[in-house]
Each structure stands twice: as structure tokens, then as C-alpha cells.
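Working notes, structure below.
In this text, all values refer to a predicted model and were calculated from it rather than measured experimentally.
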Amino acid sequence: MSSDEKPSAPRSLAEALRARDDASLAALLRARPDLVTPVPTDLTQLATRAGTRASVVRALEHLDRFTLQTAEALAVAAEPAAYEELLGLMAGDARDAAVVAALPGAVAVLREQALLWGDDDRLRLVRTARELLAPSPQHPSPTGLGPSVREATAGMSPGRIQEIVTAAGLASTHDSVSAVTALASLFSDRRTMSALLAEAPAESLEVLDRLVWGPPYGQVTADPAARLRWLLDRGLLLPTAPGTVVMPREVALHLRGGHAHRTPEPLPPAVEAAATRRPQVVDAAAAGQAYTALATVEELLKDWDEGGPAVLRAGGLSQRDLKRTAVALDLSEPMAAFWVELAYAAGLIASDGEADERYAATPFFDEWVERPPAERWVRLAQAWLAGTRTPGLIGGRDAKERTLSALGPGLDRSAAPEVRRRVLTLLAGLPEGTAPSAESVLARLAWERPLRGPQRDDDLRSRLARWTLSEAELLGITGRGALSSQARALLGAAAHPHGPVTDRGTGSPQDAGSPQGPGDKLPLHHHHAAPAHAPGPLSPAGQPVASAAAVRLLAPLLPEPLDHVLLQADLTAVAPGPLHRPLADVLGVLADVESKGGATVYRFTPGSVRRALDAGRSASDLHAFLAEHSRTPVPQPLTYLIDDVARRHGHLRVGAASAYVRCDDDAMLNEILADKRAAALRLRRLAPTVLAAQADPAALLDGLRAMGFAPAAESAEGDVLITRADAHRSPPRTAPEPVPEGPPVPDGTLLSAAIRAIRAGDLASTAPRKPAEDAMAQAPGALPRTSPADTLATMQAAVLTGEAVWIGYVNAEGSASQRVIAPVRVEGGFVTAYDHTADEVRTYPLHRITGVAELADDEA
């Protein structure tokens with residue numbers, strides 16, 4: 001230990017973790033769940049895992065912009081760095097008050113997540129984080145800073161270094177190390193550096209101005225111009241390769257006023273209001289859209305009721321089937337794809353698994369469609385919130401340049417649920433009825449989870465946020481851009497109508513340095529809190545409560561189903577609102593939907609009336625149905641239409657011979673034979689009232705109907721067949737599971753068990769041992785090695801004395817571990833002992849114990 005280091009100062013990340021309490025370790029494992037899978041054997045292994053490249057990259061990607069800027073500043077600071085040096089890099093010479101207030105919180109987050117360790121006078125980034133963030137020619141630092149004087153002069157000749165020192169006005173030294181130190185000190189001293197630059201030609205200062213904020217590298221010729229020569233002679237620019245020069249880090253920091261970043265961002269950008277409306281208007285608009293969402297999904301499933309599109313060999317819908325579905329729903333293809341994917345995510349459609357595989361409604365659809373509308377909407381909204389499938393990607397290309405199709409593979413993006421919830425949480429933080437501007441929401445998300453490198457408007461998180469805003473409006477989560485009351489309840493935000501929703505996760509990096517007290521609450525768009533993670537889904541216990549609250553708020557806003565329509569003389573019926581399901585089902589068979597909207601218009605045609613007759617309805621049934629459900633008198637043209645179609649319906653009978661037509665009116669059969677359109681049916685007369693066809697019955701029925709006739713199918717006994725279509729259903733299917741983004745956050749039970757196991761393992765690995773004669777037993781990290789006889793004798797002695805011993809143990813899977821045990825009994829080739837590592841009594845086969853050693857007397 002050096003003389004200036006405190007005796008209690010940790011010498012490694014493992015020692016720093018060892019000094020933490022259980023609550024601090026739990027916070028680390030909660031913020032970085034990859035560290036607990038599998039559970040580390042001790043704190044040394046935990047520290048090693050926390051320093052691996054994959055884990056550090058993941059941790060850095062979850063930092064907000066200011067905390068990441070703090071880590072970037074530490075990467076260009078001395079190793080180790082004092083807090084005052086870090087403060088100078090972040091707040092500059094002017095000591096920006098907002099940065100000064102926010103920096104302690106950022107440092108606390110880095111410490112909590114084991115990216116930083118050491119006391120304030122010796123702060124150290126973990127090595128992997130420093131390697132990732134430190135500037136290099138191949139990977140420029142986001143700070144725009146270059147190498148230090150020491151790094152830039154590493155390959156320079158001693159004579160050249162002395163020339164630079166002399167030209168800078170310093171005394172020559174006896175060695176290069178002291179010369180470089182003196183030059184670095186000159187560049188770091190504000191007063192002497194200002195004096196040196198005061199002598200610089202204006203053209204030379206212009207060169208420095210172009211390089212000061214990065215990139216710090218420039219090109220020079222073999223014979224540099226005078227303005228460059230002046231800078232090169234004094235070391236203000238240093239050569240790094242033939243034709244390339246770099247501005248040393250110390251020079252740039254002086255010119256920047258000490259700032260490591262051009263624009264430190266200690267506070268999150270505000271979520272700005274684009275419009276403000278009355279909450280009642282927002283809720284009504286959202287409820288109207290929620291009703292439209294339910295109607296669209298029902299119409300989609302009704303369109304696929306008899307068997308939907310075929311499943312592509314690679315999975316998913318073909319572009320042709322998606323286009324046909326879009327036409328049927330009267331929507332654009334991207335919107336149709338959204339509703340198809342939402343129905344799939346909610347478990348309403350799936351593949352039927354047949355040899356000729358097709359998509360179909362699931363049995364759950366029949367259960368869902370019978371529920372109250374508000375409950376059906378909650379199911380859709382929950383599926384959208386939790387789903388990782390991303391409809392916005394449909395039509396794009398995957399990594400292998402294959403087109404991404406609806407319901408196909410490759411659409412899962414694990415970040416989607418987190419982004420959706422975070423966007424809606426930001427909306428929940430605004431006053432009720434306030435719609436945010438999309439750009440301010442994107443700016444806030446970019447601050448909370450910045451990209452390491454140039455920020456782009458087309459990165460995945462930005463696209464997910466834009467899709468979230470548009471999809472939330474389609475689904476009725478938002479109304480006219482503002483979050484609805486029912487959506488607030490569903491998110492668990494109803495208790496915070498004007499404030500932020502409490503986030504789970506690491507919390508704000510600024511909270512520790514915020515001037516507000518714990519009782520102060522600010523609206524989210526002015527709040528200093530910037531959670532690293534969006535709030536996760538509600539707990540299983542809280543979800544039913546939130547769902548019930550959303551249903552309670554939405555139900556009164558949805559239109560009440562009607563039991564009547566308005567019949568008109570132009571053979572149309574107007575439904576002024578949603579219809580009761582039995583009425584809608586019958587009317588959907590009897591008439592064709594002509595237009596949709598606030599009021600649905602149905603048109604009666606000969607084909608639609610025949611469809612109702614085919615389904616087993618008689619003309620009298622249809623007259624009675626219309627008279628019962630119409631608020632206006634049944635128009636005479638509609639009565640004539642039904643009677644006319646009914647009179648002709650079934651006059652022709654089609655059955656299976658291969659197929660035949662029979663009719664008591666031979667003149668009608670003569671008319672059919674004479675019609676050129678019947679040629680494809682290949683008809684011939686078998687009897688005055690019977691024609692035979694080589695087409696199958698279904699094709700014969702379609703052909704005759706296309707010619708304007710109204711045939712009816714009949715059974716082998718001569719009875720009319722009712723051709724009501726049976727709904728096609730897939731076997732019972734579960735909704736697709738979301739693809740998680742990394743390991744799940746451990747719950748409290750797992751955390752407490754993991755921490756207890758890590759502590760116990762650490763006790764076993766760090767407990768002092770008595771010196772062993774065997775050198776192998778004294779090697780760091782090595783298992784104790786003793787002969788079977790010595791192992792047995794030591795165990796028996798420990799039983800008599802009640803002392804604990806240290807053993808090496810190899811389990812049945814071949815995994816080796818160190819344990820501290822207190823033997824209780826030794827017999828039959830087994831030792832029964834209290835295992836301090838597992839905190840329980842266990843029995844171990846003696847042949848699996850590699851060796852045993854006594855603990856030091858003060859630890860025995």
C-alpha cells in the first residue's frame with residue numbers, strides 16, 4: 001500500500017464490493033441482472049463478471065446521457081482521478097452550478113452499478129469501461145479529446161522532446177520522462193498556457209480553433225506552413241504518424257475552459273406540450289378510437305372466420321394476402337398489418353397446424369368476443385404493451401436481406417415494451433389533456449438512453465417511439481395525442497395525474513445531487529429524475545386492479561349497442577351506432593356492408609337475400625325480422641326483393657351425381673342449355689326435368705348463380721341443404737411470448753438467496769488458513785490438497801474440537817468449489833457438517849473432498 005493511500009481504501013473492485021452492505025449488492029444485481037445468472041460463487045467472481053466486456057457494454061447502454069458523459073470524462077482523466085479533477089472536467093473552470101449539483105448523483109450511479117470504484121480521492125473506472133470510452137485513433141472519444149502529452153510523445157525521440165520543451169520556454173531536462181512531465185504541466189497550467197498562446201500568430205490560433213472540439217487529428221505536408229510549424233515546434237500539435245498530427249488533450253482542455261464535453265447535459269430535456277384539451281374531450285376521443293379498434297379486430301376475424309390466408313413456407317402472410325386483408329378492412333397495408341399483429345399478440349389468431357396450414361381464429365376469440373367491450377379493449381391494450389413483435393418493421397429487410405412479413409419471423413424487438421411504457425410514462429407525467437410534441441419525447445428518450453456514438457433519428461429506439469405514438473392513437477390509448485384516463489389507470493398512473501409515475505430500476509442519477517428534498521415533486525417535464533429504465537409491467541397482484549380501474553373508466557364512454565336499424569327505400573339500412581351482436585350477425589348475412597363509420601350502411605341485394613335463404617331463413621322469417629328491428633316501416637321495394645328471390649330460390653336443385661340439376665320447369669332447363677355461359681359446366685339432359693354436369697356441385701352452384709339463377713343445394717334424400725358456413729378455428733393456442741431484453745430483473749426472494757450464497761462463498765474463499773506444507777495448497781485460488789488419510793484424520797479431529805475447516809470439494813458434475821464447514825459426524829465414508837457456505841447441514845462423500853486445511857486461529 002502506498003504511503004498516500006488510506007488504510008481502508010479498496011485496492012480492487014472485489015474489495016469495494018466486499019465493503020458493501022446487502023442492500024447495495026441487491027441494488028447492483030437489480031440494475032445489472034446479467035451478473036446474477038448464474039449466481040456467482042463469491043464476490044471475486046462477481047467483480048470479474050462485472051468487468052467483462054459484454055456486461056460492461058450492456059451497463060453503459062442503460063446509462064442516461066449525463067451519467068455516460070461522467071464516465072467518458074473519467075476515461076480521459078488521470079488513473080486514478082480525484083473527484084475535484086472530475087468536477088473540473090464536467091463543470092469547467094466556471095463551475096456550472098447545474099453540473100455541480102448533478103455530478104454526485106451520476107458518480108453514485110456509476111458506483112452502484114460497479115462501473116466505478118474507489119474513494120473520492122481515488123476514483124477508478126473498471127478497466128473494460130475505460131478501454132471502451134478512452135480516445136484512440138480507431139475509436140474517437142465522444143468528448144472529441146485526443147491522447148495526453150505522455151501518450152502522444154511515447155514514440156518520439158528524446159532529442160525532439162527536448163527541442164519542444166525549449167521552444168515552449170521551459171528549461172531542458174536530463175531525461176525524456178521529466179521533459180514530458182514538464183510539458184504536460186505547462187499545458188495544464190492556465191496562467192502559463194495563456195501566456196504561451198498570447199504569443200501565437202492569429203493563423204495558428206485558427207488552426208487550434210478548428211481542432212479544439214474534435215476530431216483532434218489533422219493532416220500536414222512534409223514541409224508544414226509557418227502557422228503549423230509554430231504549433232509543432234511548441235508541442236501544441238504533436239505528430240502521431242507520417243502526415244498526421246494531433247492536439248494533445250491538455251491543450252484542448254485549456255482551450256475549452258476545462259470542459260471535457262462541449263455541452264454537458266445534467267438535466268433531461270423537457271417534454272413540451274403541443275396542445276392542451278379538456279380531459280373529457282381526450283377521453284371521449286380515445287373511447288371512440290377504442291371502439292373502432294374493437295370493431296376492426298372483429299371484422300378481421302370475421303373475414304378469416306371460414307379459414308384465413310395460407311401460411312408461407314417460411315412463416316407469415318404473403319404480400320398478396322396482406323393486400324387482400326387491407327382491402328377487406330378498407331385500410332392501408334401498414335395499418336392492416338398492425339391489426340393482424342395485434343390480434344396475434346392477443347392470442348386471437350394462430351396457425352391451424354393442418355397440412356395445408358392456414359391462419360384462423362383461436363378458441364379464445366369466441367370467449368373474447370362475448371366479453372363486455374371495455375374488457376375486450378383492455379386485453380388488446382395489455383397485449384400491445386407487453387408484446388415484443390413490432391409491426392412497423394413489416395416490409396423492411398432483415399440482416400440477410402429477406403423481406404419481413406406480417407406474422408412472420410424476425411419481428412421481435414426486445415426493447416419495444418420498455419420504449420412503449422417509457423413513452424406513455426412521459427405522457428402520464430404531463431397534466432391531463434396535454435398532448436406532447438413528438439420531437440420533445442424523442443429528445444427525452446435520447447437523453448435517457450443515448451447511443452454511444454452519433455445520435456440518429458432513424459435508430460431503433462427513435463423508430464419504436466414514433467410507432468408507439470401512432471399506434472397508441474390507433475388503439476385508443478391516447479385521444480388527440482394526450483393520454484386518456486383509462487390508459488393512465490391501466491398503466492397504474494391514475495394516482496399521479498399531474499406527476500411522474502414512479503419508476504422501478506436504478507433510479508435517477510441526479511437524485512443524489514438534486515436540491516429538492518424527498519417530499520418535493522415536480523411535473524415530469526421539469527423533473528430532475530431520469531430513470532435508466534422505463535417502468536416495468538405491474539406486479540401480478542397489481543395488474544387486475546389496474547385492469548378493473550381501466551374497464552370502469554372506459555365502459556361509460558363506449559356507445560351502447562342498439563337493437564334497431566333504419567330501413568330506407570333505396571334498399572339500404574342505416575345502423576346509427578353499434579348493434580347488439582345477434583342483430584349484427586343476422587344483418588351481416590342478410591345485407592352487405594356498404595360503408596362504415598359513426599353509422600354503418602347496409603345494402604340489400606339479391607345475392608345477400610339468397611345468402612340468408614341459404615342459411616335456413618324463410619321469406620316470412622326475414623319479413624318478421626325486419627319489421628321487429630326497424631324503426632321505420634319496411635319499404636315496399638325491400639319486401640318485393642325478398643319475395644322475388646324467395647320465389648325463385650330452390651326452384652333449381654343441385655345435387656351430387658357427379659352433379660346434377662333438376663327442375664320441374666323444363667323450359668328453364670332449355671334456357672340453361674342454350675346459354676353460352678353454361679358451356680364450361682358441360683351439361684347434358686338426362687330427363688325432361690334433369691340435367692347432368694361434369695362439374696362438382698359447388699362449382700355448378702356458383703356457375704348457375706353467376707348466370708342469374710337462384711339454385712339450392714339438396715341432399716341425397718332430396719332435402720334442401722342449409723349452407724350456413726361453420727366457423728373455422730385453430731386448436732387451442734397461447735399468445736406468443738414476448739422476447740425478453742436480457743435476463744429478467746431478479747425478484748426479492750432470488751436476490752436475498754443470491755446475496756446469501758455469494759457472502760457464504762466469499763467467506764469460504766477469503767477465510768485465513770494456517771500455513772500448509774504443500775505448496776499447491778498455498779497457491780492463490782487453489783483447492784487444498786491432502787491425502788485421503790490426512791483428510792479423514794483432520795475431519796475426525798475437527799469433530800472432537802468443534803472447529804471449522806476449509807475444504808475443496810468436487811461435485812458429481814465435476815464443478816470444484818471451496819467451502820468452510822464444521823464437521824459433526826464422520827462415518828461410512830461420509831462427513832456430515834454444518835456448511836457455512838450454504839448456511840445448512842449437508843453430507844459430503846469423503847472421496848469427493850480434494851483436501852482439508854485448518855483455518856487461522858482468529859477465524860476458526
Side-chain angles (χ1 to χ4, degrees), residues 60 62-77 81-113 115-116 120 123 125 133 141-145 190 212-214 252-273 422 426 429-430 436-437 439-452 455 499-500 503 505-533:
L60 292 175
H62 284 75
L63 298 178
D64 65 52
R65 180 164 290 159
F66 184 69
T67 308
L68 184 59
Q69 285 181 332
T70 302
E72 291 164 355
L74 281 166
V76 297
Y83 182 83
E84 282 302 315
E85 180 184 356
L86 174 62
L87 182 61
L89 290 170
M90 293 299 296
D93 296 343
R95 291 296 193 265
D96 185 318
V99 174
V100 171
L103 188 59
V107 171
V109 168
L110 292 174
R111 269 205 185 100
E112 179 184 275
Q113 299 199 20
L115 297 170
L116 174 69
D120 280 354
L123 297 173
L125 273 182
L133 299 176
S141 168
T143 62
L145 294 170
R190 295 286 186 265
V212 64
W213 291 108
L253 287 173
H254 173 81
L255 295 172
R256 296 177 177 195
H259 282 288
H261 298 84
R262 182 191 288 266
T263 309
E265 298 183 58
L267 302 178
V271 178
E272 300 172 356
R422 187 61 194 143
L426 291 176
L430 296 172
S437 70
E439 295 308 317
S440 67
V441 172
L442 294 177
R444 177 61 171 264
L445 292 178
W447 185 91
E448 292 179 353
R449 290 278 295 274
L451 295 173
R452 288 193 301 114
Q455 195 75 32
D503 286 323
T506 59
S508 167
Q510 277 70 52
D511 286 344
S514 175
Q516 282 75 27
D520 297 331
K521 290 187 179 180
L522 298 174
L524 190 60
H525 56 301
H526 293 305
H527 200 266
H528 290 269
H533 302 284

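- Atom CG of residue Leu103 and atom CD of residue Gln69 lie 11.0 Å apart, to the nearest 0.5 angstrom.
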Check your understanding: What's the verdict on side-chain contact (heavy atoms from CB on, under 4.5 Å) for Leu89 and Leu74, showing C-alpha distance, side-chain angles and the deciding distance?
Key -> CA-CA 9 Å; Leu89 290 170; Leu74 281 166; over 6 Å; no
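- Across all their heavy atoms, Gly257 and Arg190 have their closest contact at C-NH2, 4.2 Å.
- The closest side-chain donor-acceptor pair between Thr70 and Thr67, if any, does not fall under 3.5 angstrom.
- Between Tyr83 and Val107, the shortest heavy-atom contact is CE1-CG2, 4.0 Å.
- What you find for Val271 and Pro436 is that their closest heavy atoms are CG1-CB, 3.7 Å.
- If you take NE2 on His259 and CG on Leu253, they are separated by 10.5 Å, rounding to the nearest 0.5 Å.
- Summarising the geometry, atom CZ belonging to Arg65 is positioned 10.0 Å from atom CD belonging to Glu72; distances are rounded to the nearest 0.5 Å.
- The two residues Pro450 and Leu63 make their nearest non-hydrogen contact at CD-O, 3.1 Å.
- Once rounded to the nearest 0.5 Å, the distance linking CG of Leu86 with CG of Asp120 reads 9.5 Å.
- Residues Leu110 and Ala71 approach most closely at CD1-N, 4.0 Å, considering heavy atoms.
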Check your understanding: Step by step, would you call Val100 with Met90 a side-chain contact (heavy atoms from CB on, under 4.5 Å)?
Key -> CA-CA 8 Å; Val100 171; Met90 293 299 296; over 6 Å; no
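- Taking NE2 from His261 and CZ from Arg256, the interatomic distance works out to 8.5 Å, rounded to the nearest 0.5 Å.
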**Study point:** Residues Arg444, Asp64; criterion salt bridge (Lys or Arg N to Asp or Glu O under 4.0 Å); working and verdict
**Key:** CA-CA 10 Å; Arg444 177 61 171 264; Asp64 65 52; over 6 Å; no
Check your understanding: Are Thr143 and Leu133 close enough, and set up right, to give a side-chain contact (heavy atoms from CB on, under 4.5 Å), and what steps lead you there?
Key -> CA-CA 9 Å; Thr143 62; Leu133 299 176; over 6 Å; no
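- Closest approach of Pro266 and Phe66 over heavy atoms only: CA-CD1, 3.4 Å.
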